[in-house]
Structures are given as structure tokens and as C-alpha cells.
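Working notes, beginning with the structure itself.
Each ligand, and each atom within it, is numbered from 1 in the order the structure gives. Throughout, residue positions are numbered sequentially from 1 according to the sequence presented. Atoms considered below: every heavy atom in the structure, side chains included; atoms not considered: hydrogens, waters and symmetry mates.
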Amino acid sequence: MTLADIKSRIATAEENAGRAAGSVQLIAVSKVQPDERVRGILAEGQRVFGENKVQEAAGKWPDLRAGFPGVSVHLIGPLQTNKARQAMALFDAIHTLDRPKLAATLARLAQKTGHCPDVFIQVNTGEEPQKAGIAPREADAFIAECRGLDLPVQGLMCIPPVDEEPSLHFALLAKIAARNGLSGLSMGMSSDFERAIALGATHVRVGSAIFGARVPPAAG
Ligand SMILES: *Cc1c(COP(=O)(O)O)cnc(C)c1O
């Protein structure tokens with residue numbers, strides 16, 4: 001698929017869902033992709049990108065950004081507390097706020113620096129033990145806690161279990177967001193972004209459908 005194909009599929013999904021054109025933001029997930037491929041997508045006009053590792057993003061985005069004004073980079077992978085400061089300087093949004101300790105750290109650094117990226121709270125909708133995210137039944141309290149810390153909470157994020165129908169998870173995430181008055185929904189990837197848009201996604205995270213398959217990272 002080309003970037004243009006994905007954009008037109010997003011536009012069709014918006015229309016089918018009765019949603020305004022342009023209401024869904026495409027995050028092009030550039031993790032592990034060679035720089036020249038990322039430059040190609042930048043040259044086609046894409047400006048919002050997703051990375052899942054702080055180190056990898058720190059190594060490539062300062063250079064990549066230089067030639068292209070208006071780029072924003074979103075962190076979509078887990079964030080260790082000891083990398084929070086670096087992540088806050090590097091990213092325009094963090095989609096993976098998933099625990100009280102990280103919330104407290106982000107809030108403290110935001111106080112100190114006067115700057116905080118947009119924040120999405122990750123919800124472990126499938127309650128998978130190996131997956132990050134706050135449990136659905138704890139989400140309301142955690143959202144309130146993050147707001148109490150003055151964090152700029154834009155919405156919620158989920159990664160559905162691979163072997164389940166994602167729509168059930170998208171609907172659950174949308175329900176938790178609605179009852180908490182949150183409008184942002186970061187959900188949907190290459191294989192299911194149209195279903196996510198039908199259920200209210202505002203941010204879809206699409207990697208392989210744009211860039212082609214990822215070369216597997218070296219072990220370790
Ligand atoms: C890699 C990744 C994506 C993109 O996945 P594709 O299937 O390549 O579209 C989306 N979200 C997260 C959290 C990811 O780690």
C-alpha cells in the first residue's frame with residue numbers, strides 16, 4: 001500500500017462512520033524502518049510519526065526532523081520511568097501512560113520544565129498479564145488521578161489481544177473514554193484501523209501497511 005492508499009481508506013472510513021473528514025489523525029509508525037524509507041514518507045507530506053522505543057527515536061528523529069518543518073513524533077511503546085525526562089523532551093505525545101508511578105514522574109517533570117507532551121492513558125482492555133496498561137476497572141480512578149496531577153490527558157489508547165475481534169476492545173475503550181469525558185481514542189493498526197474508525201478512533205497507528213514489513217530487530 002502507498003501512503004495515499006491508506007489516506008484514502010481513512011477518508012472512506014470516516015465517511016462511512018458519518019464522521020467529519022480529517023477527524024482521524026494518521027500516525028505513521030516508523031519503528032525499525034530504514035531512514036530512507038521514512039524520508040520518502042516525509043517527502044510525500046506525512047508529518048505525524050510513531051516510535052515505540054525512546055532510544056531508537058532519539059537516535060534518528062533529531063536528524064530526520066531537521067529537513068521537514070512541522071513534524072511531530074508520538075511515543076507508542078512502553079516508557080520506563082528513568083527515560084521519562086528524555087521522552088518528554090523528544091516526543092509531542094505519549095500514548096502509553098499506564099501506571100501511577102509514571103504519572104507522578106511526568107507530573108513532577110512537567111512542573112519543573114513547564115512543558116508536557118499530550119498524554120494518552122493505555123488501557124489493557126484484554127487484561128493480558130504480559131501487556132502494559134491499566135485494567136479497565138481501574139481506569140476511571142487512574143484517569144481522575146492523572147487529571148488531579150494536571151497532566152494534559154487527551155484520551156485513551158489500547159492494543160487488543162492478537163487473537164480476538166478488535167472491535168470489542170475498541171468499543172470498550174470508547175465507552176471508558178465517553179464516561180470520563182475524554183475525546184481522544186488511539187486505536188487501530190494496519191489490520192484493523194477501519195474498524196477502529198467506525199468505533200470512534202481519533203488516532204490510528206499504522207506501520208507495516210505504509211512502510212511494508214518491518215525487518216525484525218536484532219536479538220537482545
Ligand atoms: C508497531 C505498532 C503499531 C503498528 O503496527 P502495524 O501492524 O505495523 O500497523 C501500532 N501500535 C503499536 C503500539 C505498535 O507497537
Practice prompt. State whether the side chain of Asn124 and the backbone N or O of Glu127 hold a donor-acceptor pair below 3.5 Å, judged by distance alone.
Written response: yes
**Message:** Strictly distance-based, threshold 3.5 Å: is any side-chain N or O of Arg205 a donor or acceptor partner for the main-chain N or O of Ser186?
**Reply:** yes
State, with a plain yes or no, whether a side-chain heavy atom of Asp98 is found less than 4.5 Å away from one of Pro78. no
**Prompt:** Do the side chain of Asn180 and the main chain of Ala177 share a donor and acceptor less than 3.5 angstrom apart?
**Reply:** no
Electrostatic pair Arg9:Glu194 at N-O distance under 4.0 angstrom
yes
Which protein N or O atoms sit under 3.5 Å from any N or O of ligand 1? Give atom names and distances.
from     : atom 1 : to     : atom 2 : distance (Å)
ligand 1 : 8 (O)  : Ser208 : N      : 2.7
ligand 1 : 8 (O)  : Ser208 : OG     : 2.8
ligand 1 : 8 (O)  : Arg214 : NH1    : 2.8
ligand 1 : 8 (O)  : Arg214 : NH2    : 3.3
ligand 1 : 9 (O)  : Ser190 : N      : 3.0
ligand 1 : 9 (O)  : Ser190 : OG     : 2.5
ligand 1 : 9 (O)  : Gly207 : N      : 2.8
ligand 1 : 11 (N) : Arg205 : NE     : 2.9
ligand 1 : 15 (O) : Lys31  : NZ     : 2.7

Closest heavy-atom pair, Ile197 versus Glu14, reported as atoms and distance to 0.1 Å, is CG2-N, 3.8 Å
